[in-house]
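Here the structure is a predicted model, which means the values were calculated and not measured. Numbered from 1 within each chain, the chains take letters A, B, ... in sequence-line order.
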There are 4 protein chains.
Amino acid sequence: MTTVAFLGLGIMGGPMARNLVRAGFDVIGFNRSRPPVDRLVEQGGRAADSIAEAVRAADVVVTMLPDSSDVEEVVLGEGGVLASAKEGVLLIDCSTIRPETSKSVAATAERFGVRVLDAPVSGGEQGAIDGALSIMVGGAPEDFEAARPVLDAVGKTIVRVGPAGAGQTVKAANQLIVAGNLELVAEAIVFLEAQDVDTDAATKVLAGGLAGSAVLDRKSAGMFAREFTPGFRLALHHKDLGIVESTARESGVVLPLGAVVSQLVAALVARGDGGLDHSALLKLAEELSGRGRKS
Amino acid sequence: MTTVAFLGLGIMGGPMARNLVRAGFDVIGFNRSRPPVDRLVEQGGRAADSIAEAVRAADVVVTMLPDSSDVEEVVLGEGGVLASAKEGVLLIDCSTIRPETSKSVAATAERFGVRVLDAPVSGGEQGAIDGALSIMVGGAPEDFEAARPVLDAVGKTIVRVGPAGAGQTVKAANQLIVAGNLELVAEAIVFLEAQDVDTDAATKVLAGGLAGSAVLDRKSAGMFAREFTPGFRLALHHKDLGIVESTARESGVVLPLGAVVSQLVAALVARGDGGLDHSALLKLAEELSGRGRKS
Amino acid sequence: MTTVAFLGLGIMGGPMARNLVRAGFDVIGFNRSRPPVDRLVEQGGRAADSIAEAVRAADVVVTMLPDSSDVEEVVLGEGGVLASAKEGVLLIDCSTIRPETSKSVAATAERFGVRVLDAPVSGGEQGAIDGALSIMVGGAPEDFEAARPVLDAVGKTIVRVGPAGAGQTVKAANQLIVAGNLELVAEAIVFLEAQDVDTDAATKVLAGGLAGSAVLDRKSAGMFAREFTPGFRLALHHKDLGIVESTARESGVVLPLGAVVSQLVAALVARGDGGLDHSALLKLAEELSGRGRKS
Amino acid sequence: MTTVAFLGLGIMGGPMARNLVRAGFDVIGFNRSRPPVDRLVEQGGRAADSIAEAVRAADVVVTMLPDSSDVEEVVLGEGGVLASAKEGVLLIDCSTIRPETSKSVAATAERFGVRVLDAPVSGGEQGAIDGALSIMVGGAPEDFEAARPVLDAVGKTIVRVGPAGAGQTVKAANQLIVAGNLELVAEAIVFLEAQDVDTDAATKVLAGGLAGSAVLDRKSAGMFAREFTPGFRLALHHKDLGIVESTARESGVVLPLGAVVSQLVAALVARGDGGLDHSALLKLAEELSGRGRKS
């Protein structure tokens with residue numbers, strides 16, 4: 001029986017760990033605060049009081065952490081994964097962080113005999129609960145194969161997209177496109193609502209043609225209803241667009257639309273709307289056109 | 001048997017008129033240059049030497065013309081539709097023009113007893129050939145019902161989206177979203193190619209999630225191959241974004257992303273790339289990142 | 001004694017006409033509403049009840065009107081300048097309108113034996129009162145020379161910048177730069193105020209270097225004080241940026257920064273701030289950063 | 001006699017150190033490569049073979065280094081300023097770096113009894129040679145007073161703008177405005193040249209009004225002549241705009257125009273034009289309008 005240490009049992013990590021339990025893995029969970037660990041135990045997992053305790057006997061370590069600095073601390077830090085795990089362990093980092101950090105963590109881990117995959121996910125809380133996440137994996141092909149049983153338990157579309165860091169790069173591209181599509185649909189909605197148009201019929205015909213998108217299919221109804229409960233929070237998308245921007249800068253890539261949509265997301269966060277769903281780009285779009293319902 | 005006068009037998013109008021013949025309509029065609037008219041006759045239609053001759057006995061008039069000024073001239077001008085058609089005729093304007101022009105043409109036509117629908121299409125040359133266009137219709141519900149047999153012969157998704165001008169408004173929103181999605185995919189491609197990523201695998205995973213879109217499905221393969229044969233020409237998309245911008249200005253709608261993508265399309269046209277497919281936004285995107293293959 | 005017909009006695013035209021009276025011209029004024037005409041009479045001018053009456057005996061006609069359509073109507077329309085003025089008259093149009101309109105008006109006027117200069121001004125209401133406007137003149141050199149005495153009475157910096165329409169083109173470029181500089185100073189102010197900086201000292205050192213500008217010199221104090229009494233109204237600047245955009249589109253010129261600042265100005269107008277001074281770009285800038293004082 | 005250690009004798013640091021010699025200071029220079037040190041000795045300074053040797057007996061240490069990481073290494077690193085300087089020394093850092101770095105360096109230095117000012121400069125190589133730099137200083141008022149004699153020897157406009165980091169913040173705002181003004185003038189030049197306008201006359205009238213700026217005064221002649229020898233290199237401005245962006249992100253400030261101009265500067269650097277003067281923004285502006293002279 002494979003033992004999986006799961007570090008970071010938040011909104012995403014919690015349901016992912018439970019799905020691993022359900023799939024028959026021996027899961028030892030650790031989290032900075034205790035309640036999520038207790039919940040995992042109720043669901044059939046085991047509890048650890050420290051990273052060291054969690055990873056000591058693990059065959060696989062999965063991390064799901066907020067940001068680049070958290071991954072560096074948990075993996076490289078004192079009492080962290082590299083200091084405590086047995087040699088040959090496979091570390092699957094599902095956090096969305098900077099590609100450069102994933103690369104340097106993988107390079108350091110290699111010196112400790114630890115294999116690393118960066119495996120950021122998309123699909124949101126619902127995808128995590130349903131075990132239906134999309135997972136973009138960077139790392140060695142043989143490590144990817146070794147990780148398949150674990151990844152299959154939490155995701156549906158699981159694709160290796162290149163060497164270490166490649167998963168993060170593709171996740172960054174994903175977040176760039178998603179933010180842009182949300183903003184375009186927001187601008188189109190404001191445009192349509194300012195005219196004498198049947199917006200339901202309009203959405204139907206738009207969705208059926210070259211303007212069609214997953215954003216239009218899954219998000220426009222909520223947008224028309226001004227229902228902005230997350231889903232995926234603007235504050236997180238703001239963080240992710242920071243990764244897009246710094247990666248683009250480091251690699252000499254110019255993103256005219258990306259830069260503008262990033263400012264719009266930043267504006268919503270700066271105004272205090274970071275806790276809303278990212279489709280709340282509509283809120284700013286309509287305020288800019290004097291049509292906002294200031295609340 | 002319903003007689004349809006078809007004015008404007010170009011790349012789109014030609015196959016549309018032929019599909020009307022096939023559907024059993026009596027089609028009389030007129031075009032500024034003669035060869036397209038001769039082709040229609042070979043396909044079973046009839047020829048007219050003037051607008052007046054074409055529309056005189058028609059029950060329905062279909063127009064498919066390049067720009068707002070053409071529609072004004074053909075419909076309102078001397079020897080035009082209003083001057084020559086019988087009372088009660090139904091005019092279906094499939095051109096993509098300014099919503100304001102559609103509204104004013106409809107208002108003028110009403111005084112002549114002519115009913116008007118604005119019915120711009122999307123789906124491109126292939127959609128016109130296959131009779132599979134999406135059609136966004138503005139006008140009175142009863143006129144829309146009367147036009148159904150004609151529209152069914154040329155389109156697949158046919159939706160009434162509101163009163164006069166509404167079809168144009170929705171088409172404008174469509175062009176805004178499409179241009180933006182193309183640019184976002186272009187930026188993502190440059191971003192991915194600048195990194196060490198398997199772009200095929202990356203596209204697969206992007207297309208399956210919230211970043212998915214018709215642009216990614218139908219256009220990205222051609223973009224990766226730098227195959228920019230139209231399809232839909234940048235010069236036409238540039239014209240359409242001009243309609244988006246003027247309509248937005250008139251109605252006090254602010255389009256931050258729309259404004260930027262419009263400049264990028266304008267740049268390609270200014271540089272002489274107006275004859276390429278609109279997916280050639282990638283060409284500019286990669287040149288801006290110093291990765292272009294200047295040709 | 002030279003007789004000058006002055007058409008359009010508004011905020012700018014009123015003081016300009018008075019300065020012509022002071023300089024010794026015989027000024028006959030016409031305005032759509034009567035009170036400004038009465039005021040001119042009190043100041044030593046004469047009143048006309050129609051355009052025809054005003055221009056009939058004039059050697060020079062000066063127009064100061066809101067928009068392109070007004071100039072077309074007043075000059076080309078029934079009972080307008082061309083229909084009523086004597087041959088050889090010199091028409092100086094001080095309105096800010098589309099360069100294309102200025103060119104076509106000049107071409108039409110030539111057929112009537114009327115010489116035309118486009119002579120838009122900058123310097124605002126205060127400049128008009130002080131007779132200290134900057135005037136950008138398009139037209140024939142000999143007409144410019146003939147117009148000098150009149151222009152000298154209302155302006156200080158008076159430069160011929162090319163043939164018909166050139167004055168409008170330069171005025172458009174002026175409005176592009178001014179809007180952009182105002183927005184840059186607004187963004188810099190928000191940036192500085194968000195940090196722990198002595199903004200007075202900062203402005204002093206910024207103004208003294210390559211960042212220095214007339215906007216920083218004349219506008220930043222009002223901006224720091226959030227004093228947005230016009231001055232030059234955002235609604236007018238919005239109109240002028242429409243001229244910039246349509247002229248750029250017609251001539252294949254791409255303006256990435258111009259397009260974005262134009263959207264920001266449009267946003268303020270859409271929200272109902274069109275009556276504020278154009279330096280109120282700061283209001284939007286700080287709201288986008290969550291620092292606005294919503295009022 | 002005050003002893004000044006000068007670390008970093010590059011294009012800016014070299015002439016600044018010489019001006020300190022001229023002003024009567026005892027200057028000990030250190031530079032990673034040797035030739036600039038030899039040049040300083042010829043000019044009356046003294047040579048050091050290491051940072052430690054340079055700073056050991058210094059009353060004041062001046063640093064002029066490329067980037068944030070260099071300052072951290074030279075000041076905080078092994079054998080660096082803090083490790084080697086005597087207590088109470090005054091460190092004046094003239095590098096342009098991240099405000100956050102300046103703050104953290106100052107906080108660390110305080111624990112070593114070293115007083116720090118961040119004192120970035122503007123005015124370019126010529127300003128450094130002429131001792132006419134503008135200097136934006138962050139730090140304690142009494143340290144600023146103590147630094148005056150040194151700063152007076154290299155600059156003309158010397159202003160304390162706030163506590164530690166404030167100098168960098170103001171320098172960042174300066175670079176934001178300068179880049180934006182250059183791009184606006186570039187767009188205006190392309191706009192004017194696309195029309196039939198006397199650009200010399202146009203520039204004269206633009207410079208005299210609210211559109212006037214130091215950029216228009218000092219840079220437009222070179223731009224009209226396409227003379228892009230630096231001056232200030234685009235690659236450095238690109239680095240500085242990175243500081244602007246990261247500082248804005250950290251403090252929740254939204255910069256719509258700043259974000260776009262930053263992408264344009266990034267494009268020029270990505271294409272290989274980073275060695276040109278920042279006024280070469282014109283090169284990209286005209287290429288985007290299809291008017292470029294591709295070279």
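Between Ala202(A) and Val170(B), the shortest heavy-atom distance links the atoms CB-CG2, 3.7 Å. Taking all atoms of both residues into account, the shortest heavy-atom contact from Ala201(B) to Val159(A) is CB-CG1, 3.5 Å. Between Leu210(B) and Ala214(A), the shortest heavy-atom contact is O-CB, 3.7 Å. When all heavy atoms of Glu187(B) and Pro256(A) are compared, the closest pair comes out as OE2-CD, 3.1 Å. Listed here is the closest heavy atom pair of Leu184(B) and Leu184(A): CD1-CD1, 3.8 Å. Among all heavy-atom pairs drawn from Gly180(A) and Leu257(B), the shortest one is O-CD2, 3.9 Å.
Of the listed residues (Gly290(A), Ala166(A), Gly212(A)), the greatest number of heavy-atom pairs within a distance under 4.5 Å of chain B belongs to Gly212(A). If you tally non-hydrogen atom pairs under 4.5 Å between each of Ser289(A), Ser213(A), Gly162(A) and chain B, the highest count goes to Ser289(A). Comparing Pro99(B), Gly138(B), Pro163(B) by heavy-atom pairs within less than 4.5 Å of chain A, the highest count is held by Pro163(B). Comparing Ala207(B), Ala173(B), Gly258(B), Ala194(B) by how many heavy-atom pairs each has under 4.5 Å with chain A, the most go to Ala173(B). Per-residue heavy-atom pair counts under 4.5 Å with chain A were compared for Ile177(B), Ile189(B), Ile135(B), Val261(B), and the maximum is reached by Ile177(B). Between chain B and the residues Ala188(A), Ala179(A), Gly165(A), the largest count of heavy-atom pairs under 4.5 Å involves Ala188(A). Taking Val185(A), Leu192(A), Ile158(A) one by one and counting their heavy-atom pairs under 4.5 Å with chain B, the maximum is reached by Leu192(A). Counting heavy-atom pairs closer than 4.5 Å to chain A, the top residue among Glu183(B), Arg218(B), Met136(B) is Arg218(B).
Neither the backbone nor the side chain of Lys156(A) comes within contact range of chain B; no heavy atoms are under 4.5 Å apart.
Scanning residues 120-134 of chain A against chain B with a 4.5 Å heavy-atom cutoff picks out Ser134(A), ordered by number. Within residues 237-253 of chain B, the residues having any heavy atom under 4.5 Å from a heavy atom of chain A are, by residue number, Val244(B), Thr247(B), Ala248(B), Ser251(B), Gly252(B), Val253(B).
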